[in-house]
Amino acid sequence: PWGPWPSWCGGIAEDAAGHIWFGYGTPRDAHSMGVVHYDGETFCVCGEESGLLPLAETSYALGADAQGRIWIGGGGHLWRVEDGQYNSISIPVHSDGEPIGIYKMQRDREGRLWFCTLNRGAGVFCCADGELRHLVGDLLPFAPINGIWLDREGLLWFATFGGGLACCDRRGIESLGSEDGLPGGD
């Protein structure tokens with residue numbers, strides 16, 4: 001009923017006003033990627049004119065923080081939407097100079113927003129009280145993060161490509177593997 005939709009949706013989030021945001025794209029055409037804002041009546045496409053950069057060959061990850069602000073991540077870029085303005089947030093680059101792409105977002109029970117990366121094996125960023133911290137090293141397996149989930153108990157689960165599974169609680173982050181009963185080996 002709303003017309004043709006691009007071939008995939010990269011993320012969905014709801015802001016404080018109850019509006020829904022979608023990241024979309026057509027992998028064969030980097031210029032047809034962007035973010036759509038839906039206020040319950042009208043879809044509004046938010047692209048380069050809003051201050052967002054085109055993201056070739058990557059989707060937009062979306063999340064909402066405890067204040068209901070929308071965060072938009074992608075290939076080496078991160079934005080926070082506040083009062084209708086798209087504010088660019090600086091994120092570090094990998095040691096070889098390549099951008100770190102935000103792939104997934106999840107808010108925990110304390111209101112922190114976690115950003116996972118798919119490329120560069122960079123791990124996780126956590127935003128609490130407006131501060132962006134990069135979690136690397138022994139905290140997570142050194143592997144691209146494919147997914148993140150908050151369970152009913154408040155535990156954060158991280159799925160990786162090649163690094164297995166990790167679980168985060170108030171005590172820290174634990175890597176899980178075959179010794180914990182998961183399939184796999186070597």
Side-chain angles (χ1 to χ4, degrees), residues 9-24 34-40 44 46 50-53 55 58-93 99-141 143-160 163 165-176:
C9 183
I12 302 172
E14 183 176 1
D15 66 20
H19 300 170
I20 307 297
W21 297 69
F22 306 90
Y24 72 89
V35 174
V36 172
H37 169 249
Y38 180 64
D39 64 8
C44 176
C46 311
S50 302
L52 297 174
L53 299 176
L55 300 178
T58 189
S59 66
Y60 281 102
L62 291 142
D65 64 18
Q67 293 75 35
R69 297 175 297 201
I70 295 296
W71 291 72
I72 303 166
H77 302 284
L78 181 64
W79 296 270
R80 182 180 61 226
V81 183
E82 199 166 12
D83 299 325
Q85 299 296 313
Y86 293 77
N87 303 303
S88 180
I89 308 295
S90 177
I91 58 175
V93 296
I100 294 173
I102 305 294
Y103 183 67
K104 299 282 184 184
M105 296 183 199
Q106 176 68 52
R107 188 173 66 214
D108 68 16
R109 287 189 174 172
E110 283 77 40
R112 295 173 298 209
L113 193 57
W114 296 74
F115 305 90
C116 295
T117 66
L118 182 61
N119 65 335
R120 316 304 305 157
V124 172
F125 294 86
C126 177
C127 181
D129 301 323
E131 294 289 322
L132 192 65
R133 293 184 323 195
H134 190 195
L135 307 178
V136 294
D138 296 331
L139 294 175
L140 279 171
I145 307 297
N146 177 39
I148 182 172
W149 187 258
L150 178 68
D151 73 13
R152 292 180 189 168
E153 304 299 319
L155 300 174
L156 282 171
W157 293 88
F158 300 94
T160 73
L165 185 64
C167 182
C168 177
D169 62 16
R170 292 181 181 269
R171 296 170 294 182
I173 299 176
E174 180 181 359
S175 294
L176 305 168

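Quick caveat: nothing in here was measured; it's all calculated off a predicted structure.
Heavy atoms only, all atoms of each residue included: Trp149 and Gln106 are closest at CA-OE1, 4.4 Å. Leu62 approaches Trp21 most closely through the heavy-atom pair CD1-O, 3.9 Å. The two atoms that bring Met105 and Gly73 nearest to each other are CE-N, 3.3 Å, heavy atoms only. Between Ala64 and Ala13, the closest heavy-atom pair is N-CB, 4.2 Å. Between Ala61 and Lys104, the closest heavy-atom pair is CB-N, 4.0 Å.
Residues Trp157 and Leu176 have side chains in contact (heavy-atom distance under 4.5 Å, counting atoms from C-beta outward). Put simply, the side chain of Trp79 does not reach to within 4.5 Å of the side chain of Val35, judged on heavy atoms. You'll find the side chain of His37 stays beyond 4.5 Å of the side chain of Val81, heavy atoms only. No side-chain heavy atom of Cys44 sits less than 4.5 Å from a side-chain heavy atom of Asp39.
Note that CG of Leu113 is 8.0 Å distant from CZ of Arg107, once rounded to the nearest 0.5 Å. Atoms CG and CD, on Leu165 and Glu174 in that order, are 10.0 Å from each other to the nearest 0.5 Å. Here CD1 of Ile70 is found 8.0 Å from CD1 of Ile20. Values are rounded to the nearest 0.5 Å. Note that CZ of Phe22 and CD1 of Ile12 are 5.5 Å apart. Values are rounded to the nearest 0.5 Å. Distance check, rounded to the nearest 0.5 Å: SG of Cys167 to CG of Leu156 gives 8.0 Å. The CG atom of Asn87 sits 10.5 Å away from atom CG of Leu78, with the distance rounded to the nearest 0.5 Å.
For the salt bridge (Lys or Arg N to Asp or Glu O under 4.0 Å) test, no residue two or more places apart in sequence or in another chain qualifies with Glu153. With sequence neighbours excluded, the residues forming a salt bridge (Lys or Arg N to Asp or Glu O under 4.0 Å) with Asp65 are Arg69, listed by chain and number.
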